[in-house]
Enquirer: 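Sharing a structure below in structure tokens format, with a few things to ask.
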Amino acid sequence: MSLLALSDIAVAYGKAEAVRGVSLSVEPGQIVTVIGPNGAGKTSLLTAAIGLLPSSGTITFDGQDVSRLETEQRVERGLCLVPERRELFADMSVRDNLVLGAYTRRRETAKIKSDIDDIYDRFPRLKERHKQHAGTLSGGERQMLALGRALMARPRLLMLDEPSLGLAPLIIREIFRIIASLRDLGVSILLVEQNARAALETADFGYVMETGEIVHDGTAGDLIDDPRLIASYLGGQHA
Amino acid sequence: MTAQIAAILTIDGVATGAIYVLIALGFVLIFSVTRIIFVPFGDIAAFTALTLAALETGQVPGTVGLTVALAILASAMEVVSLLRSGQRDRIPRRLLFYLVLPLVPAALVWASGSIILPMPLRIVLSLALILPIAPLLDRIVYRPIADASVLLLLTVSVALHFALVGLGLLFFGPEGVRTKSLTDYTMILGGIPISGQTLLIVIAAIVFAALLFVFFGFTLSGKALHATAVNRTGARLMGVRPEKSGTIAFLLGSLLAGVSGVLIAPVNTIFYDSGFLIGLKAFVGAIMGGMVSFPLTAIGALCVGILESFAAFYSSAFKEVIVFAILIPVLVARSYTAVHSEEETEE
Ligand SMILES: Nc1ncnc2c1ncn2[C@@H]1O[C@H](COP(=O)(O)OP(=O)(O)OP(=O)(O)O)[C@@H](O)[C@H]1O
Ligand SMILES: [Mg+2]
């Protein structure tokens, strides 16, 4: 049974349809990626999946229909989104941002402490800056904090909207390494990326979205060798 | 003016200012979490004084009727909205919160009949009666328009204030009240008498300001509230419900307003419509803090109190004019320095 199944999702801003009839699924322990050009509707899809945008269609999480639940209830069930805009708490410290990440498990005080230490081990930069306000972090540090804050919730499914946005190549490699390592922790991932090659190299399965619709899907290995994609998304420099 | 008169006026002003501090902190608290300028806040303080006065004379305070009416209305709205979204299973819990809890203090007062309780109990009961009003109003009036602009929310607040004043007349009657003083103690400091009442007011302001500081700085609830204020979307993604944060903000704010009502009742005669002026002066203090900074708000509110005290000495007829006239230069200065954080953080 799929952990997350979106079926026939449509999102519209007024009359403009941003997502039309999209269906996709994420199996437990899988990394699934959605790639596509700017304005394809990827962010709209994730925002609808977490419940911040109204949508039609059915969203099933862990076998239960969550389509009508509020965002907060979906989060409580283990669905988690790192949004494109990150939405950090700018005038709060790095540590407080992490603490709030664990809001849904606020009763497990002791575990939260050790989880913060785990995040610091993963991102030593955050440890050095634990007292600094999130709003004054560099772009890369902000991405790390957004990812770390999401992990604090111990999500069962993590949706990441362009985690490599605006990062230097070296840090992008690091971020993808971390994403791959999350799978070993039992976290399933739905990954939206511009960086199609890196995303497909990390993922198990991929979908290609264009103008609000899914136009291709397949295992990551098949997609990465698909000549139709190499030209338009993979920059043709495939070895 | 002699130094002694100046000292007396200052002490008097600090006492009045401390009352404004309590209410102004509540204004900022509620605004930062909900973007609502809760104009009826002064009314909450006045209603507390009226409630306490009624309990002193063994009458059933008008607050009981008001709370019952609001609780029933809020519960009905909750049930309808839960039924609509198909969440039947959550109804009992919500009813506990919106119907049973607000009615507990009302039932206690009802049950105690005309027995006159000891003073500390009367105060606690008055506060307990007042606390549910603002969160219930939030549920009834503001939540349906939670995504509206600050201006619309303010307009609704003003309307709500007038509605509350009307309800105040209906439930409390037109008579002014003054409650028994809380203490007869007087301290002489450098030849200047300071009443125990003044000390209580100042201590209360300091204690509650410190409690707010601890709440926001060191508790998870406080941090969740702050997070809601800073970034609503971000907070929701962490599972923090903005509605719940709003309710907590309204409860805490009401506690501050209630305490100030209890403290002001023995020194000023309070009518059903006295709240507006008290609230407005506190609001001037809150504006000085830009509606965001707690320390600046406290300083601002204190300044308003001191200014009012001196203005009353020079020309009691013009004291309100003088107090509100300082709002203009403050607003002008603010408009040059303000960071427009609020529109930016809203998405
Ligand atoms: N709030 C909005 N109001 C109106 N139109 C919107 C809104 N948000 C997005 N859109 C439109 O919906 C379409 C899909 O946008 P979306 O952000 O989902 O794309 P995306 O695939 O995430 O793009 P990118 O790769 O650039 O992030 C775009 O045409 C965009 O202009
Ligand atoms: Mg996007």
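Residue numbers begin at 1 in each chain, while the letters A, B, ... track the order of the sequences.
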Enquirer: State whether A/Tyr103 and A/Arg106 meet the cation-pi test: NZ (Lys) or CZ (Arg) under 6.0 Å from the six-membered ring centroid, and within 45° of the perpendicular axis.
Expert: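 Pair A/Arg106/A/Tyr103 counts as cation-pi.
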
Enquirer: Is any side-chain heavy atom of A/Glu17 closer than 4.5 Å to one of A/Val11?
Expert: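 A/Val11 does not reach A/Glu17 side chain to side chain.
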
Enquirer: Of the options A/Arg149, A/Arg95, A/Gln132, A/Met144, which is the one that meets A/Leu126 in a side-chain contact (heavy atoms from CB on, under 4.5 Å)?
Expert: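 When side-chain contact (heavy atoms from CB on, under 4.5 Å) is applied between A/Leu126 and each of A/Arg149, A/Arg95, A/Gln132, A/Met144, only A/Met144 qualifies.
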
Enquirer: For a quick test of your reading: what N or O donor-acceptor pairs under 3.5 Å do the side chains of residues 281-296 of chain B make, sequence neighbours left out?
Expert:
unit_1: B/Lys281; atom_1: NZ; unit_2: B/Glu308; atom_2: OE2; d: 3.1
unit_1: B/Lys281; atom_1: NZ; unit_2: B/Glu320; atom_2: OE1; d: 2.7
unit_1: B/Ser293; atom_1: OG; unit_2: B/Leu296; atom_2: N; d: 3.1

Enquirer: Taking NZ, NE, NH1 and NH2 as the nitrogens, is one of them in A/Glu87 or B/Arg232 under 4.0 Å from a carboxylate oxygen of the other?
Expert: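 Answer for the salt bridge query: no.
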
Enquirer: Quick one: of A/Glu76, A/Met152, A/Arg86, who has the most non-hydrogen atom pairs under 4.5 Å with chain B?
Expert: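 Most heavy-atom pairs within the cutoff with chain B belong to A/Glu76.
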
Enquirer: Considering the options A/Val32, A/Leu45, A/Val22, which one meets the side-chain contact (heavy atoms from CB on, under 4.5 Å) requirement together with A/Tyr207?
Expert: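 Result: among A/Val32, A/Leu45, A/Val22, A/Val32 is the only option passing the side-chain contact (heavy atoms from CB on, under 4.5 Å) with A/Tyr207.
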
Enquirer: What part of A/Leu79 gets within 4.5 angstrom of chain B, counting heavy atoms only: side chain, backbone, both, or neither?
Expert: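 Neither; nothing under 4.5 Å.
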
Enquirer: Let me know if A/Ile50 has heavy atoms under 4.5 Å from chain B in its side chain, its backbone, both or neither.
Expert: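 Answer is side chain: those atoms of A/Ile50 sit under 4.5 Å from chain B.
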
Enquirer: Determine whether B/Arg90 and A/Gln73 make a side-chain contact, defined as any pair of heavy atoms from C-beta on separated by less than 4.5 Å.
Expert: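 Heavy-atom side-chain distance check passes, below 4.5 Å.
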
Enquirer: Pull out the residues in residues 208-221 of chain B that come under 4.5 Å of chain A, heavy atom to heavy atom, sorted by number.
Expert: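 Counting heavy atoms that sit under 4.5 Å from chain A, the residues of residues 208-221 of chain B involved are B/Leu220.
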
Enquirer: In terms of heavy-atom pairs under 4.5 Å, which option from A/Val82, A/Asn97, A/Leu52, A/Leu69 contacts chain B the most?
Expert: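 So the answer, after comparing A/Val82, A/Asn97, A/Leu52, A/Leu69, is A/Leu52.
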
Enquirer: Which bit of A/Leu81 comes within less than 4.5 Å of chain B, counting heavy atoms only: side chain, backbone, both or neither?
Expert: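 For A/Leu81, backbone and side chain are both near chain B.
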
Enquirer: Do you know which of A/Asp96, A/Thr104, A/Val99 has the most heavy-atom pairs under 4.5 Å to chain B?
Expert: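 Answer, by heavy-atom pair count under 4.5 Å with chain B: A/Asp96.
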
Enquirer: Tell me if the centroids of the rings in B/Phe31 and B/Phe38 come within less than 6.0 Å of each other.
Expert: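 Not close enough - the centres of the two rings lie 6.0 Å or further apart.
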
Enquirer: Any salt bridge linking A/Arg125 with A/Glu128? Criterion: basic side-chain nitrogen under 4.0 Å from a carboxylate oxygen.
Expert: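 Answer for the salt bridge query: no.
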
